[in-house]
There are 2 protein chains.
Amino acid sequence: MEGQIVERKLLLLGMLRMQDMHGYQLNEMIDSHIQAGFALKKPTMYKLLNAMVEDGWLTCATHKEGNYPTRRVYSLTAAGELAFMKLLRDSLSAYSPIEYQGNVSLLFMNALPEDERMALLHRRREIVKSLQHAMHPLPAISNPHDLVQLHQIRHLETELAWLDEVIASVSEERIHLELSQF
Amino acid sequence: MEGQIVERKLLLLGMLRMQDMHGYQLNEMIDSHIQAGFALKKPTMYKLLNAMVEDGWLTCATHKEGNYPTRRVYSLTAAGELAFMKLLRDSLSAYSPIEYQGNVSLLFMNALPEDERMALLHRRREIVKSLQHAMHPLPAISNPHDLVQLHQIRHLETELAWLDEVIASVSEERIHLELSQF
DNA sequence: CGAGGCATGTAACGAGTTACATGATTGC
DNA sequence: GCAATCATGTAACTCGTTACATGCCTCG
């Protein structure tokens, strides 16, 4: 099982551990927190839920309430609780560096005339800026969710600061590229 | 065309723009820079190269030199040069926030006893530390590749600083989790 | 003569997304 | 009567990776 899947199963298990829920409910809660970096589309989620039922981590019971469509409400089993704890331990103690794809263009930016290069870098900077403004600042850290938010905030700050370093070094014309350096 | 593919085509185009090369050569150069965050496996690369030949961005000529196996040496066409410039402009001026998956576990860390939670976070911290030490510091920024390296360095610093914030807030027991907060 | 490098791939698999299918109910 | 919401999926497609195929050459 790969890292992406583990994290996603952990997310579902962790939510169901707090409260039994059906798929639609889980999906809505996750979607309302995309800003924090959680992405999980419906078909993927349903597939994971069914896989975890297969594995005996979850049980599912169909519930009919009022005029709503029939719901499949999932609950953690004892095995699911054990799996949750294992995934949590593995995940909390692990780190793999971010693989950021946006920087290939930096390698070749000298192919552009200096003024255009500068303009494009400033445009990138504006995007980071606007993303930063879109995040409402945290008054204090009071729950784990805040820590995740803080993570985003800190990395956006870093991105901006780094971009300023890039812009500075470009404007001082300190940068030259030869093939030998790649 | 999605972001990942664009970046990878840009990387290949940019390298071929500096010098005609065959696949094996490209692959070796890219592999020797995985540390900088460039990952591109052989089959993927060959597929992209062939796709770009199809698109008329590259031409390929077979070369036989000495006793080496026959090589397919790729060169940029005029269309390839135009494509390179377009991808470069798009890519340099764009930014999409990093999607980091390692933080789901943070949401649920209260499920663990405090001492174990602390131990696991410290283990994560050690991994970041060791990654940081594995990067040799930059004496100065003299080429675009240094900027990419600097990007990694800065984000590792940020990761470490954030982890210290996490550890601090955990040890002060400021963090509590209810479902309503998710 | 066998292991490993050079060189270019193919095939099978896995994981995720988009678009679509289904079907009942509620609001305009 | 038509769109939107609730609810659970399936099917087709894309993208990438791993493992394997091929064949020649070099080195020990």
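Each chain gets a letter, A, B and so on, in the order the sequences are listed, and its residues count up from 1.
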5' precedence on DNA chain C between B/E28 and B/N50 (nearest-nucleotide basis): B/E28

[X] has an atom [atom1]; how far is it from atom [atom2] of [N], in whole Å?
| X | N | atom1 | atom2 | result |
| --- | --- | --- | --- | --- |
| A/L48 | C/dG16 | CG | P | 7 Å |
| B/L40 | C/dT8 | CG | C1' | 15 Å |
| B/K47 | C/dA11 | NZ | C1' | 10 Å |
| A/I5 | C/dG16 | CD1 | C1' | 9 Å |
| B/L26 | C/dA7 | CG | P | 12 Å |
| B/K42 | C/dT8 | NZ | C1' | 9 Å |
| B/H63 | C/dA7 | NE2 | P | 13 Å |
| A/E7 | C/dA15 | CD | P | 15 Å |

I need the full list of salt bridge (Lys or Arg N to Asp or Glu O under 4.0 Å) pairs touching [range], with sequence neighbours left out, sorted by first then second residue.
| range | answer |
| --- | --- |
| residues 11-30 of chain A | A/R17-A/E81 |
| residues 149-160 of chain A | A/R154-A/E157, A/R154-B/E165 |
| residues 82-95 of chain A | A/K86-A/D90, A/R89-B/E116 |

List the residues meeting salt bridge (charged side-chain N to carboxylate O under 4.0 Å, His left out) with B/D31, not counting sequence neighbours, and say none if there are none.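 Applying salt bridge (charged side-chain N to carboxylate O under 4.0 Å, His left out) to B/D31 gives none.
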
Contact under 4.0 Å: A/R8 side-chain N or O vs C/dA15 OP1/OP2: no

Between A/T44 and C/dT17, is there a side-chain N or O to OP1/OP2 distance below 4.0 Å?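 For A/T44, the contact criterion (side-chain N or O under 4.0 Å from OP1 or OP2 of C/dT17) is met.
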
Holding to side-chain hydrogen bond (donor to acceptor under 3.5 Å, both in side chains), I want the full list of residues that pass it with B/N50, two or more places apart in sequence or in another chain.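 Partners of B/N50 by the side-chain hydrogen bond (donor to acceptor under 3.5 Å, both in side chains) criterion come out as none, since no residue qualifies.
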
Test of understanding: with side-chain hydrogen bond (donor to acceptor under 3.5 Å, both in side chains), list the residues that count as partners of A/S93, not counting sequence neighbours.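 By the side-chain hydrogen bond (donor to acceptor under 3.5 Å, both in side chains) rule, A/S93 matches no residue at all.
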
If the sugar-phosphate is the primed atoms plus P, OP1 and OP2 and the base is the rest, what is the B/S/- string for nucleotides 22-28 of chain C, using protein heavy atoms under 4.0 Å? -B-SS--

For residues 148-170 of chain B, pull every pair meeting ring pair (Phe, Tyr, Trp, His ring centres under 6.0 Å), keeping only residues two or more places apart or in separate chains.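 For residues 148-170 of chain B: A/Y100-B/H151, A/H151-B/W162, A/H155-B/H155, A/W162-B/H151, B/H151-B/H155.
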
Contact boundaries on DNA chain D for chain A, cut-off under 4.0 Å to non-hydrogen atoms: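 In short, chain A contacts DNA chain D from D/dC6 to D/dT10.
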
Short question: side chain of A/N143, backbone of A/H145 - any donor-acceptor pair under 3.5 Å?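 Present.
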
Between the main-chain N or O of A/V166 and the side-chain N or O of A/S169, is there a donor-acceptor pair closer than 3.5 Å? yes

